[in-house]
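What follows is a set of notes on a single structure, which appears directly below.
We count ligands from 1, going down the list as the structure has it; atoms in each ligand are counted the same way.
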Amino acid sequence: MVETQLIPRGIKDTRVLDAMRRVPRHLFVGEPIQFKAYDDMALPISEEQTISQPYMVAIMTELLELKGGEKVLEIGTGSGYQAAILAELSQEVFTAERIPVLAKIAEERFSALGYTNIHVRASDGTLGWPEESPFDRILITAGSPKIPQPLIEQLSDQEGIIVAPVGDRFSQQLIILKKSNGSLSEQFHTPCMFVPLIGKHGWGGNKDF
Ligand code: SAM
């Protein structure tokens, strides 16, 4: 996966590549599809959600520019795979999932794999995790019409970075939002397609699409 998908597509951060070599992706999907776990595609998990394509996990992680000491918030725990990659590369990871059964399964995976620096909760991640803010990095792993305002407020003022897929219901583009001394700057990156971010500051469920 690393040699055939990530390096040829331009992933350069050796810490990201090593983390993706270490974390056993097949343990984050159901047994019947474990043989596809390292293929170049997103895969279904339960509750009609997905584990993102390996390249998408790698590029989003690389764009976060993690050095090792960061406090990271992830919105959209899903299988827990992305959170495990983040936990390999930062100090502490807080991950929110709106579907309680997915949060529970992910939590069981983290303890089975020995991760002690990942905190999971079932909640509407568009509201962030105010008690633990500010965060050095925030990653949204579901498609959103905009970056939720509470997340911008909970981002550290000291070189904070948010990476998020923003767009319409069917296609998005990764946005990198940087905050430094109160000023915000935005850059657009790779086109992508994620399941929707559903919540108070995301899509409003069926009525929006
Ligand atoms: N990061 C995941 C992984 O590594 O498997 C993939 C995430 S999946 C593409 C998107 C996830 O976002 C789904 O599990 C979905 O239930 C969740 N989600 C959608 N809206 C959410 C919200 N408002 N708060 C938290 N999670 C949300």
Expected list for residues 185-196: side-chain donor-acceptor pairs under 3.5 angstrom, two or more places apart:
none

Can you list every pair where an N/O of ligand 1 is under 3.5 Å from an N/O on the protein?
unit_1	atom_1	unit_2	atom_2	d
ligand 1	1 (N)	E74	OE2	2.9
ligand 1	1 (N)	G76	O	2.9
ligand 1	1 (N)	T141	OG1	3.2
ligand 1	4 (O)	Q82	N	2.9
ligand 1	5 (O)	S79	N	3.0
ligand 1	5 (O)	S79	OG	2.6
ligand 1	14 (O)	E97	OE1	2.7
ligand 1	14 (O)	E97	OE2	3.4
ligand 1	16 (O)	E97	OE2	2.6
ligand 1	20 (N)	I198	N	2.9
ligand 1	23 (N)	D124	OD1	3.0
ligand 1	23 (N)	I198	O	2.7
ligand 1	24 (N)	G125	N	2.8
ligand 1	26 (N)	R98	N	3.1

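Classified by interplanar angle (parallel below 30°, tilted 30° to 60°, perpendicular above 60°), the ring pair W129/F94 is perpendicular.
No donor-acceptor pair under 3.5 Å is formed between the side chain of D39 and the backbone N or O of M41. Judged by distance alone, with hydrogens and angles left aside, the side-chain atoms of E62 form a donor-acceptor pair with the main-chain N or O of D13 at under 3.5 Å.
With a 6.0 Å radius and a threshold of 12 heavy atoms from other residues, nucleotides or ligands, K146 has its NZ atom above the threshold.
A cation-pi contact, defined as under 6.0 Å to the ring centre and within 45° of the axis, is absent between R169 and W203.
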